[in-house]
Enquirer: 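One structure, as structure tokens, below. Some questions next.
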Amino acid sequence: MIQAMQPPTSPPASINELLARCQAIAGLSLGELAHMANVVIPANLQRHKGWPGMLVELWLGASAGSKPQQDFPELGVELKTLPIDTHGLPLETTYVCFAQLLMPPGMTWETSNVRNKLQQVLWLPIEGDRSIPLADRRVASGFLWRPNHEENAVLKTDWQELTDAIVTGNIDTITARQGEALHIRPKAANGSVLTDAFGHEGEKIKTRPRGFYLRKSFTAQILQRAFA
DNA sequence: TGATGATCATAA
DNA sequence: TTATGATCATCA
């Protein structure tokens, strides 16, 4: 029996409240959540790629709109939806944040955006198989994750390798094949968008904006650890 | 067929 | 333009 619910109007005051809100929507479909929140369901995600994430933010009480920080700053928690197939494996890589191409001096893994975002993540798997109509895709049980020593070490190694390439003016030699858990891919509206980066001689060059992403193999391990 | 590289919508 | 939310679509 499904009770009529409405999205919260304020951010969760505690981790427990956040987790409770997660449990409240676990098992419901995106169609049900959209309907109860009076949100229009797009026919497909081709032109609405961020729609599931925005809908979930609404239901968990994350600040609407985009902020350049964590979704729940008071709790130090970042929210990530994760599309999964029928076996519970990730269908897509996970976007983390923009890659700062004009890296401030002294930037380290410990102070990086990537680590800040990934310190504590509320993962919310959602059925993402393209054979399932968007409205029928169900939300799974969300769970809180903090990287363990091993995961943190892998992320740090990847981040340092990629950051070294950026700082030394080798941004254009980076491909998405580098990095065991974390890699870099273009992140822009289209291929004509350019931003500043460092060239080999320390000069500024124009290149496509990039973002950090988590590989599917890495998020798959997170899921396995959570549901094992 | 899966991963890489490209792309879409929106806000400030 | 940068940042949020990600998935699409092409090619090896």
Side-chain angles (χ1 to χ4, degrees), chain A residues 7 11 30 33-34 37 39-73 77-87 89-104 112-114 116-118 121-135 137 139 142 158 162 165-166 171-197 204-220:
Chain A
L30 295 180
L33 292 176
V39 169
V40 176
I41 306 166
N44 57 62
L45 293 180
Q46 286 183 11
R47 308 177 82 75
H48 300 272
K49 296 183 181 181
W51 187 78
M54 304 301 281
L55 182 62
V56 165
E57 283 188 350
L58 181 66
W59 276 99
L60 296 185
S63 8
S66 54
K67 281 183 179 175
Q69 282 308 313
Q70 294 156 325
D71 294 296
F72 303 99
V77 172
E78 170 74 9
L79 171 67
K80 290 278 172 217
T81 60
L82 187 60
I84 56 172
D85 63 17
T86 53
H87 307 292
L89 295 174
L91 282 163
E92 296 285 350
T93 54
T94 301
Y95 169 67
V96 179
C97 64
F98 253 75
Q100 173 60 271
L101 300 183
L102 298 176
M103 195 83 52
S112 69
N113 261 294
V114 177
N116 178 54
K117 286 275 181 100
L118 296 182
V121 179
L122 177 63
W123 294 99
L124 197 49
I126 298 179
E127 288 178 333
D129 196 303
R130 276 139 101 153
S131 66
I132 305 174
L134 186 55
R137 297 181 192 175
V139 173
D158 289 342
L162 296 167
I166 292 172
I171 178 67
D172 284 327
T173 71
I174 296 180
T175 84
R177 292 168 184 80
Q178 293 171 54
E180 188 179 326
L182 190 71
H183 67 174
I184 280 183
R185 302 217 303 281
K187 168 70 172 169
N190 57 65
S192 65
V193 177
L194 297 176
T195 190
D196 287 326
K204 283 186 181 175
I205 60 171
K206 291 288 185 182
T207 188
R208 286 147 46 241
R210 315 299 166 94
F212 285 105
Y213 295 78
L214 294 177
R215 288 190 184 281
K216 289 197 290 185
S217 57
F218 187 74
T219 48

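Reminder, nothing fancy here: chain letters follow the sequence lines and each chain counts from 1.
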Enquirer: Rounded off to whole Å, could you give me the CG-to-P distance for the A:Asp71 and C:dT4 pair?
Expert: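 Going from CG in A:Asp71 over to P in C:dT4 covers 9 Å.
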Enquirer: If you check every side-chain atom of A:Arg185, which of B:dT7, C:dG5, B:dT4 has the closest atom?
Expert: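 Of the candidates, B:dT4 comes closest.
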Enquirer: Closest approach to the side chain of A:Pro186, judged atom by atom: which nucleotide of B:dA9, C:dG5, B:dT7 is it?
Expert: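 From the listed options, B:dT7 comes nearest.
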Enquirer: Using a 4.0 Å heavy-atom cut-off, does A:Pro83 contact any base of the nucleic acid, only the sugar-phosphate backbone, or nothing at all?
Expert: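 Here A:Pro83 touches the backbone only, sparing every base.
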Enquirer: Is any side-chain N or O of A:Thr81 closer than 4.0 Å to OP1 or OP2 of C:dG5?
Expert: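 No.
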Enquirer: Contact list please: residues 128-135 of chain A against DNA chain C, heavy atoms, distance less than 4.0 Å, in numerical order.
Expert: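 Of all residues in residues 128-135 of chain A, the ones placing a heavy atom under 4.0 Å from DNA chain C are A:Arg130.
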Enquirer: How is A:Gly50 classified with respect to the nucleic acid when contacts are heavy atoms under 4.0 Å: base, sugar-phosphate, or nothing?
Expert: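 Contact class for A:Gly50: base.
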Enquirer: Please report, rounded to the nearest Å, how far the C1' atom of C:dT7 is from the OH atom of A:Tyr95.
Expert: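 In whole Å, C:dT7 C1' lies 14 Å from A:Tyr95 OH.
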Enquirer: Between A:Lys117 and C:dT4, is there a side-chain N or O to OP1/OP2 distance below 4.0 Å?
Expert: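 It does, given that an N or O in the side chain of A:Lys117 lies less than 4.0 Å from OP1 or OP2 of C:dT4.
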Enquirer: Going by modelled atom types, is there a donor-acceptor pair between the base of C:dT2 and the side chain of A:Arg210 at under 3.5 Å?
Expert: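 Result: no qualifying N/O pair found.
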Enquirer: Kindly indicate, with the supporting measurements, whether the criterion side-chain hydrogen bond (donor to acceptor under 3.5 Å, both in side chains) is fulfilled by A:Asn116 and A:Glu78.
Expert: CA-CA 9 Å; A:Asn116 178 54; A:Glu78 170 74 9; over 6 Å; no
Enquirer: Tell me which nucleotide among B:dG5, C:dG5, B:dC8 gets nearest to the side chain of A:Lys187.
Expert: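 Nearest listed nucleotide: C:dG5.
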Enquirer: When you check the phosphate oxygens OP1 and OP2 of B:dG5, does a side-chain N or O of A:Arg177 lie under 4.0 Å from one of them?
Expert: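 Yes, because at least one side-chain N or O of A:Arg177 sits under 4.0 Å from OP1 or OP2 of B:dG5.
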Enquirer: Going by number, which of residues 211-220 of chain A have a non-hydrogen atom under 4.0 Å from DNA chain C?
Expert: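 Correct list: A:Tyr213.
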Enquirer: Pairs of donor and acceptor atoms involving the side chains of residues 186-193 of chain A, under 3.5 Å and at least two apart or interchain, shall be tabulated with distances.
Expert:
| residue | atom | partner | partner atom | Å |
| --- | --- | --- | --- | --- |
| A:Asn190 | OD1 | A:Ser192 | N | 2.9 |
| A:Asn190 | OD1 | A:Ser192 | OG | 2.4 |

Enquirer: Under 4.0 Å between a side-chain N/O of A:Arg47 and OP1 or OP2 of B:dA9, yes or no?
Expert: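 For B:dA9, OP1/OP2 do have a side-chain N/O of A:Arg47 under 4.0 Å.
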Enquirer: For residues A:Thr94 and A:Phe218, determine if any side-chain heavy atom of one lies less than 4.5 Å from a side-chain heavy atom of the other.
Expert: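 They are not in contact (no side-chain heavy atoms under 4.5 Å apart), so the answer is no.
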